[in-house]
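Step one of this worksheet: look at the structure below.
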Amino acid sequence: MDAITNNLTPAQADAVTHIDGPLLIIAGPGSGKTRVVTHRVAHMLSQGVQPWQIAALTFTNKAADEMRTRLERLAPGQAVWMGTFHRFCAQQLRRYAPYVGLSENYSIYDMSDSKSAMKRAIQAAGVSTSHATPEQIASAISKAKNRLITPEIMQQQTGRAGDSVAARVYPVYQQQLLLANAVDFDDLLYHFARLLRENPEIRGELDAKLKYIMVDEYQDTNLAQYAIVRAMSVDHPNLAVTGDPDQSIYGWRGADLNNILDFEKDYPSVKTVRLEQNYRSTPNILAVADQLIRHNRRRKAKELYTENADGDNVILRQYDDGYQEADAIADEIAEQMMAGTAEPRDFAIFCRMNALTRSLEHALRSRGLPYQIINGVEFYQRKEVKDLLAYLHLVNNPNHDVALQRIINTPTRSIGATTLGRLQAFADAQRIPMLEAARRASEIDSMSKRAQTMLWNFVTLYDRLRRMATAPLEELLRFLIEETKYISYLERTAVEKEDSNPIANVDELVSAAVEFDRMHPDDGSLEAFLEQVALVSDTDKFEDAGNRVTLMTLHAAKGLEFPRVFVIAVEDDLLPHYRSKQDDQQLEEERRLLFVGITRAQQWLQLSYAKRRSVRGDIRVVIPSMFLSELPRADMNVIEARTDRDFFDDGADESYPDSWDLVQEPAPQDDAEKEYTGDAGSVIPDVYRDPSASPAKVKAKRTTPTIAASLQTASDLMSSDRVPLGAYREGSLVRHPEYGDGTITELTGRGPKRTAKIRFSDDQSEQTFRLAFAKLELVDAESR
DNA sequence: ACGGCTAACCATGGA
DNA sequence: GGTTAGCCGT
């Protein structure tokens, strides 16, 4: 008992010793949350709670592993269930599969599996993708599932046009998944939530068995997760959740901030504990994080403080371009290593999207610095790995149509698109899985004799593999590699690339199988292996990778900490991402994302942006992120790029207020200006729109001339002595110096992104132009 | 009819 | 830089 409750702050002890009844732990970054949670479990165990009465739900395996390791130290040998939401649901669904129309050997589709399933469903539903892309449809269906909306309900809701397309695909997609005895990621939660809702006896059993449920990162739960957790906490409402509204960054995955903001309303008898003292970062870093997050409205105000000693000022650095940024950061790391003040594992580099790691990777490699990229999709997404896993999937679940389609002709066995199409049509017509259809190929009239033979060959191969289904995994895997001649197929087809070695990846998969056999000598099953593979991410296992610099996205960085952190490309359209700028809630989520990045740093932090960045080949002028103007610059080291000052020559000497006014209050004389104001609104922090929110206003006044200059440059590009953008209409006649006269057939986008599709009268060709940049003239009908 | 190849086209985040 | 649709050679 002493070892468990000693050395805790009063707040921490409060949380640790609370056993019965709802508990809300609002835990700021670096506040020792994991410590509190594990100590609390240990305390509960010491007070006679049985380990099997406790379940701790997390979002990543890594978080669960971390908890398990720490608990093991406090209370060795106690089998408390700790794992991700998805794994928890997957395991429960194995037991209750028939209740939701599945068999217990059901498969879990990963993102690319669901994508192909979705494409097939869209085809089968016969909807046109001209107004809604497959991605949009998939996202609408995913959102529906996250909100526990059934296909029937979605069809009843006469929503927006895009949704009605999705509403038609949804039941077809769902039906096909059930036929394939498969679920997608959303279904794991969706099916289990509905199972609990529709079967009170199961709900009651679980509620009674799992008397103590804990949820980590509660701010990232969606409605389905909320429903699951609540359903299991009715008779025994000993629900303990931890979270931080300021670190909610998964809204795009359906996370609902209200779950945590309203927790006290859901459970009026809740005990709320706030962990506000930060043990991770220097005051310098914390101050920057705090100033930034104050600009959010939807939050629970929190005082972050630390007793840590002062450290270096946070650096805000400008580079000329992305390459200079990469080189300079690599140099900086090399320098700090040479100075003996740091080693590779001390450094992390965060970015908004994976594509941005490329130049960094190059810079680090050319200097011989060891690094690792934590990419959400890596090993298990590689072709050769997916191929072999598809074989395993099909062996485990003969209804797995996506797997069948992947491997029926891999290695090639003369079963092409035509044959596959006919097979699929037959399967659809008979409502049978495709493997079954292949067995009955002789019944398919349109199928050539030759194709029938090829299909028969495949089915025979499958049956040979199938006989090995219960063998140890390693044996099965080696057998199928042998039988399919997969290695020689790779040697034949794989192109030698610098950093990909398909055969080594196959070996790595075999090693994973060996390891799995070793870990599960008795309970090992193909099904369990496939489930594990489906539910791990590469993010989970970065730790083992040795002494390396870590590159990852801001999303992947959550829950981690590093002594020295670089956040790169803090630029408009990237952070905040351009697809999040239109909506205040999404914009706040972007701000939280930067907040998460900043608060990962223990001792040293640099935020950087470039003046120019090449995006997909072409070089763009960069507008620094609006978030940078929200930081306490007086307490930071602001460093501008050394060269290239004249790039923004016209604006470099402008004082700050003028340039801001330019963006803030463009004289609204005509349509174009109004148009741009609307768009620029999102570039302006909330505080500029709402005078009542004051604290940042003073800070933002310190915006450097350079930032102001580039902002002005952007507005120059937009407005000065150009035809007002609003003057362009669909049907407008225009003249282009190269293409000649034409007519605008379509206008899309706003502000700087305003884009026109133009059909030229000369050759009837259609081209698209960004109005702000294209050399277009409006012509009136008479002058042509 | 199949399969390999080239050429557009397209990209946020990820259990 | 990676993926896919469509083309062309077998």
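The structure presented is a predicted model; accordingly, all values stated were derived computationally and were not measured. Chain identifiers are assigned alphabetically (A, B, ...) following the order of the sequence lines, protein sequences preceding nucleic acid strands; residue numbering begins at 1 within each chain.
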Which nucleotide in the set [options] lies at the smallest distance from any side-chain heavy atom of [X]?
{"X": "R358(A)", "options": "dG1(C), dA15(B), dA1(B)", "value": "dG1(C)"}
{"X": "T553(A)", "options": "dA1(B), dG13(B), dA15(B)", "value": "dG13(B)"}
{"X": "D186(A)", "options": "dG13(B), dA15(B), dG14(B)", "value": "dA15(B)"}
{"X": "H555(A)", "options": "dA15(B), dC2(B), dG13(B)", "value": "dG13(B)"}
{"X": "T412(A)", "options": "dC2(B), dA15(B), dG3(B)", "value": "dG3(B)"}
{"X": "Y250(A)", "options": "dG14(B), dT4(C), dC2(B)", "value": "dG14(B)"}
{"X": "T418(A)", "options": "dG1(C), dC2(B), dG13(B)", "value": "dC2(B)"}

- Nearest-nucleotide comparison on DNA chain B, the residue closer to the 5′ end among L574(A) and T419(A):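 Of the two residues, T419(A) wins.
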- Nearest nucleotide by nearest heavy atom, which residue falls closer to the 5' end of DNA chain B, S448(A) or S580(A)?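 Nearer the 5' end of the strand: S448(A).
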- Query: Base, sugar-phosphate, or nothing for I415(A), non-hydrogen atoms under 4.0 angstrom?
  - Reply: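 Contact class for I415(A): sugar-phosphate only.
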- Query: Under 4.0 angstrom, heavy atoms only, what part of the nucleic acid is F59(A) near: base, sugar-phosphate, or nothing?
  - Reply: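 Sugar-phosphate contact only - F59(A) comes under 4.0 Å of backbone atoms but never of a base.
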Between [N] atom [atom2] and [X] atom [atom1], what is the distance in whole Å?
{"X": "L423(A)", "N": "dA1(B)", "atom1": "CG", "atom2": "C1'", "value": "16 Å"}
{"X": "L575(A)", "N": "dG13(B)", "atom1": "CG", "atom2": "P", "value": "12 Å"}
{"X": "Q452(A)", "N": "dA1(B)", "atom1": "CD", "atom2": "P", "value": "14 Å"}
{"X": "R579(A)", "N": "dC10(B)", "atom1": "CZ", "atom2": "P", "value": "13 Å"}
{"X": "R406(A)", "N": "dT3(C)", "atom1": "CZ", "atom2": "C1'", "value": "13 Å"}
{"X": "R450(A)", "N": "dT10(C)", "atom1": "CZ", "atom2": "C1'", "value": "12 Å"}
{"X": "L455(A)", "N": "dC2(B)", "atom1": "CG", "atom2": "P", "value": "10 Å"}
{"X": "L420(A)", "N": "dC2(B)", "atom1": "CG", "atom2": "C1'", "value": "13 Å"}

- Message: Suppose we call two aromatic rings close when their centres sit under 6.0 Å apart. Are H362(A) and Y323(A) close by that rule?
- Response: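 They do not qualify: ring centres at least 6.0 Å apart.
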- Message: Under 6.0 Å between ring centres: does that hold for Y109(A) and H400(A)?
- Response: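 Yes - the distance between ring centres of Y109(A) and H400(A) falls below the 6.0 Å cut-off.
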Under 4.0 Å from OP1 or OP2 of [N]: is there any side-chain N or O of [X] that close?
{"X": "R422(A)", "N": "dA1(B)", "answer": "yes"}
{"X": "N354(A)", "N": "dA11(B)", "answer": "no"}
{"X": "S414(A)", "N": "dG3(B)", "answer": "yes"}
{"X": "N409(A)", "N": "dC2(B)", "answer": "no"}

- Can you name the side chain to side chain contact (heavy atoms under 4.5 Å, CB included) partners of A144(A), sequence neighbours left out?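 Counting only residues at least two positions away or on another chain, A144(A) forms a side chain to side chain contact (heavy atoms under 4.5 Å, CB included) with I149(A), M154(A), Y170(A).
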- Item | Minimum-distance pair of heavy atoms, taken over all atoms of R413(A) and F458(A) |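 Taking every non-hydrogen atom into account, NH1-CD1, 3.4 Å.
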- Distance-minimising heavy-atom pair for E66(A) and T34(A):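 Taking E66(A) first and T34(A) second, the nearest heavy atoms are CG-CG2, 4.1 Å.
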- Query: Do we count W252(A) as stacking onto dG13(B) if the rule is ring centres under 5.5 Å and planes under 30°?
  - Reply: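 According to the criterion (under 5.5 Å, under 30°), yes, W252(A) stacks.
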- Should K581(A) and D573(A) count as an ion pair when the cut-off is N to O under 4.0 Å?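 Here K581(A) pairs with D573(A) in a salt bridge, since their nearest N and O are under 4.0 Å apart.
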